[in-house]
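Working notes, beginning with the structure itself.
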Amino acid sequence: MIALVDCESFYASCERVFDPTLYGRPVVVLSNNDGCVVAMSREAKALQVEMGAPWFKIKDWAASAGVVARSSNYELYGSLSARVMEIIGRYSAWQEVYSIDESFIGLHGTVDELTAIGHEIRSEVLRCTGIPVRVGIASSKTQAKLASRGAKADLSLGGVCHLGFYSPDRLDRILAGTSTTDLWGIAGRTGKRLAGMSIFTAKDLRDADAKWIRKKFSVVMERTVFELRGISCIPLEEQPPHKDQLIFSRSFCQPVSTREGMQQVFSIYAQRASTRLREHGLVAGVVSAWASTSRFREGEFHTAHVAVGMPTETDDPIGIAKAAFAALPRVRPGSDYVRAGVVLTGLRKKQSVAPLALFEPEYEGRRIGETLDGITQKLGPRAIGIGRGGLRGAPVWTMKREMLSRRATTHWEELCEARA
DNA sequence: TCTGGGGTCCTAGGACCC
DNA sequence: TCTGGGGTCCTAGGACCC
């Protein structure tokens, strides 16, 4: 059997762990730049706050409704996530950490035994981390996702739902009451196409002809059909040796419209991307960089983009920045760019053996990356930068995070204070 | 004034090889 | 000179996920 353990309103729950005054209140967490709502507590959902709503549009209403907003604090969430995942992992030899707030684990046992284990996981994670989780148990991942939805919808289940608990008739009714777009792997577009073929509910899809579905869609949808029947086709994945790509991208809080300005952006983004590369012990073979104008404004939407193969795979901030600069000639001066990113692909583990010196770029031997990491760790990310990224003073386009909580688990100076 | 960021998988099509 | 089939690798684009 497969259990999906997922955290309830994860970001909002993290904010509550170190600020108990938030319990029982509607909490929303905003995207970078305090742009839009990316997570919210049950209470905020009850107030019909919409996921993805631009903050500037609902800010005034939210204040009057007593909604508390927080800027996203990914360092805190990442740290709490690691603790939650470690505890979940104690209950099974097979664990897949699927996302920052979800994990699949493999379990064996009767319906009663597994339901009991589900409750134990729930109380243990809550006791050790303060994060509430739900547990959905079934024979496939797609069904486990469904079970988790069940645990969310039916409060009487106490946060744990085992699909095996239901009779076939009852299960039919549950599936008939679930629209296809509520299933894992099916979003709006595919939902519409399915509806055009008179497949509206999870039950319709489960009972459709799998071969025909494969022909009309793809092997992915065929797997969903089998998974709905309780035949597991999407195995638990071991953690891959490393990821395939690494992206650093951000929106600006003020547009950038000159090549010099964009050069500074690429310089800083390349530095940040290369830091992450070293955190993962990786080197990149291909660097791409892009900058886009806004989709929400008048005028043509435009992206300046370039991809550059590196002569030797590298994690060097200077080499990556220089490669990213290749996008600069495609930047149209005068256009208002609102977003940019540096994407690293062709990733592999950094070897301990140095490449042939003949092919090694001059900056490679100087270990500039490590030096940079050391300084930023001590003095903060603004302390040093390469090229235009080193200019004094925060550039005008940097991120807005006006309602940021403490990074209470990763920075000594931001520890929580307790008063008697 | 203000609309996120970081990923994965699949497919189709082109280039190239034998 | 002409021709077929099978295979791999790469890339771009679409769709989806959290």
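In what follows, chains are A, B, ... by sequence order, proteins preceding strands, each numbered from 1. The shown structure was predicted, so the numbers you read here are calculated from the model rather than taken from an experiment.
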If the sugar-phosphate is the primed atoms plus P, OP1 and OP2 and the base is the rest, what is the B/S/- string for nucleotides 1-10 of chain B, using protein heavy atoms under 4.0 Å? -BBBSSSBSS
Separation between the C1' atoms of dG4(C) and dC16(B), rounded to whole Å: 16 Å
For Phe217(A), is the NZ or CZ atom of Arg193(A) found under 6.0 angstrom from the centre of its six-membered ring and inside 45 degrees of the ring axis? yes
Taking the side chain as every heavy atom from C-beta outward, state whether Lys350(A) and Leu282(A) have any atom pair closer than 4.5 Å. no
Sugar-phosphate only, base, or nothing, as touched by Ile186(A) at under 4.0 Å among non-hydrogen atoms: sugar-phosphate
Separation of atom CD in Glu8(A) from atom P in dC18(C), rounded to whole Å: 16 Å
Are Glu414(A) and Arg406(A) ion-paired here, with the side-chain N under 4.0 Å from a carboxylate O? no
List the steps, then state whether ring pair (Phe, Tyr, Trp, His ring centres under 6.0 Å) holds for Trp61(A) with Phe56(A). CA-CA 10 Å; Trp61(A) 165 84; Phe56(A) 75 92; over 10 Å; no
Is the closest side-chain donor-acceptor distance between Gln245(A) and Thr345(A) under 3.5 Å? no
Could you state the atom-to-atom distance from CG of Asp182(A) to C1' of dC17(C) in whole Å? 14 Å
Could you give the CE-to-C1' distance, from Met221(A) to dG14(C), as a whole number of Å? 13 Å
In this structure, CD of Glu102(A) is separated from CE of Met85(A) (nearest 0.5 Å) by 8.0 Å
Under the rule of Watson-Crick or G-U wobble with both distances under 3.5 Å, where | means paired to another strand and [ ] a crossing pair, DNA chain C maps to ....||||||||||||||
Cationic N near anionic O, under 4.0 Å, Arg25(A) to Glu15(A): no
On the nucleotide dC18(C), are OP1 or OP2 found under 4.0 Å from the side-chain N or O atoms that Lys145(A) carries? yes
Euclidean distance, atom CG of residue Leu194(A) to atom C1' of dC16(C) [Å, nearest integer]: 14 Å
CZ of Arg193(A) versus P of dC16(C): gap in Å, rounded? 9 Å
Per the side-chain contact (heavy atoms from CB on, under 4.5 Å) rule, which among Ile320(A), Val343(A), Val342(A) passes with Tyr269(A)? Val342(A)
First locate atom CG of Asn32(A), then atom SG of Cys253(A), and finally report the distance between them rounded to the nearest 0.5 Å. 11.5 Å
Just checking Leu183(A): base, sugar-phosphate only, or nothing, at a heavy-atom cut-off of under 4.0 Å? sugar-phosphate
Whole angstroms only, please: what is the NZ-C1' distance between Lys192(A) and dC16(C)? 15 Å
